[in-house]
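Notes to accompany the following structure.
The shown structure was predicted, so the numbers you read here are calculated from the model rather than taken from an experiment. Atoms within each ligand, like the ligands themselves, are counted from 1 in listed order. The analysis underlying the following values was restricted to heavy atoms, covering all of them including side chains, and did not include hydrogens, waters or symmetry mates.
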Amino acid sequence: MEALLKDKVCVVTGGSKGIGRAIVARFAAQGAKVFYLSRSEADDAAGLAAGAAAAGGSVAWIACDVAKEAEVEAAIARVVAEGGVPAVVVNNAGVTRDGLVFRMKLEDWETVLATNLTSAFLVCRVAARHMIKARAGSIINLSSVVGITGNGGQTNYSASKAGIIGFTKSLAKEVASRGVRVNAIAPGLIDTSMTDQIGAEGRAKLMESIPLGRSGSPDEIAKAALFLASDLASYVTGEVLKVDGGMAM
Ligand code: NAP
């Protein structure tokens with residue numbers, strides 16, 4: 001089978017670890033020219049680059065805090081200059097600052113909203129301008145099942161992830177006539193550094209709510225992202241794809 005993303009320029013925010021890193025590797029393995037934007041470089045950057053090259057793809061890191069307007073504008077300008085107009089953009093960078101609402105500092109609220117939601121606006125504002133001119137492209141935003149169901153102790157995080165869903169559907173309507181698709185993925189419990197702090201008791205309770213009876217791997221999200229990024233999803237836009245083992249059924 002022909003590589004699904006041959007020579008396509010792909011931007012992935014938060015590609016240094018976890019789900020983002022898995023998406024970078026999957027896309028590059030399908031021949032993509034991937035640029036990932038994060039504050040730090042992936043630990044195994046050389047391995048990532050070698051794996052990409054073997055598959056006819058490439059991986060380049062651009063240092064960028066996606067919550068900062070000027071850094072995002074500069075990073076996307078660099079992608080366009082060095083690679084060309086992005087065919088795929090994945091807004092994946094995200095953080096948590098959990099706490100009960102009456103104890104939550106404004107800073108923890110603002111950091112989560114800026115990193116998880118405003119970043120998607122900043123990236124799309126500049127990238128989508130190029131994509132609509134090219135009259136093609138796929139934008140994928142990382143939401144979460146808690147953006148659908150809510151979760152006590154995560155008002156800031158779930159508000160950002162619910163916001164991503166509204167943002168995704170609205171942008172999908174704005175750009176559909178120009179050939180650009182916009183979708184969201186809502187992962188359930190995925191094994192990354194974001195979730196490795198969950199204690200044994202909390203994890204056992206979560207497992208009871210997952211019909212498939214296990215957590216997911218970053219690559220299981222990457223496979224869903226590959227579907228939405230590629231022409232396999234050519235008639236899919238404005239969708240929120242849950243990849244959660246049935247957790248939020
Ligand atoms: P992770 O392992 O903690 O990775 C987070 C990524 O985001 C890192 O690459 C980090 O890179 C980047 N990042 C954070 N703040 C950033 C900033 N200001 N600017 C640029 N990059 C930034 O988390 P993950 O579990 O892979 O999560 C990825 C996405 O999936 C997030 O949006 C998350 O909310 C969502 N999600 C995860 C789960 C789960 O169970 N893990 C479930 C639902 C949704 P640097 O630190 O190098 O900047």
Side-chain angles (χ1 to χ4, degrees), residues 11-26 34-45 48 59 61-76 89-98 107-108 110-123 139-151 154 156-165 167-168 184-198 202-203 206-207 209-210 212 214-222 224-225 228 240-245 247-248:
V11 175
V12 181
T13 71
S16 60
K17 57 185 174 177
I19 292 168
R21 190 207 169 280
I23 293 173
V24 170
R26 268 270 162 204
V34 187
F35 294 83
Y36 69 94
L37 279 45
S38 49
R39 295 164 303 177
S40 54
E41 192 170 19
D43 285 344
D44 60 338
L48 207 51
V59 175
W61 171 55
I62 299 179
C64 176
D65 182 336
V66 293
K68 298 195 171 137
E69 182 179 15
E71 291 190 27
V72 169
E73 302 259 327
I76 300 297
V89 170
V90 184
N91 288 298
N92 161 83
V95 290
T96 52
R97 295 280 187 280
D98 296 351
E107 189 194 340
D108 290 336
E110 288 181 340
T111 298
V112 169
L113 268 290
T115 309
N116 298 7
L117 180 58
T118 307
S119 62
F121 156 69
L122 292 173
V123 170
I139 296 171
I140 300 159
N141 300 319
L142 268 288
S143 179
S144 165
V145 288
V146 307
I148 300 167
T149 63
N151 192 26
Q154 289 197 307
N156 50 0
Y157 183 76
S158 53
S160 74
K161 295 301 181 181
I164 280 288
I165 292 173
F167 176 75
T168 297
I185 297 175
L189 178 65
I190 308 302
D191 295 321
T192 69
S193 61
M194 186 175 274
T195 50
D196 66 8
Q197 302 303 320
I198 301 172
R203 190 164 277 272
L206 277 169
M207 287 305 163
S209 70
I210 304 172
L212 284 184
R214 63 172 179 85
S215 51
S217 71
D219 191 50
E220 288 178 305
I221 304 301
L228 291 172
V240 181
L241 178 57
K242 283 182 284 174
V243 185
D244 66 347
M247 194 179 192

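- The line from OG of S143 to NZ of K242 is 11.0 Å long, rounded to the nearest 0.5 Å.
- Between D43 and K17, no side-chain nitrogen of the basic residue sits less than 4.0 Å from a carboxylate oxygen of the acidic one, so the salt-bridge criterion is not met.
- Looking only at atom types and distance, the side chain of N151 has no donor-acceptor partner in the side chain of S158 under 3.5 Å away.
- Contact residues of ligand 1 (protein heavy atom closer than 4.0 angstrom to a ligand atom; sorted by chain and number): G14, G15, S16, K17, G18, I19, S38, R39, S40, C64, D65, V66, N92, A93, G94, V95, T115, L142, S143, S144, Y157, K161, P187, G188, L189, I190, T192, S193, M194, T195.
- Side-chain atoms of N116 come within 3.5 Å of backbone N or O of V95 as a donor-acceptor pair.
- For D108, the side-chain hydrogen bond (donor to acceptor under 3.5 Å, both in side chains) criterion is met by no residue, not counting sequence neighbours.
- From K68, atom NZ reaches atom OG1 of T115 across 9.5 Å, with rounding to the nearest 0.5 Å.
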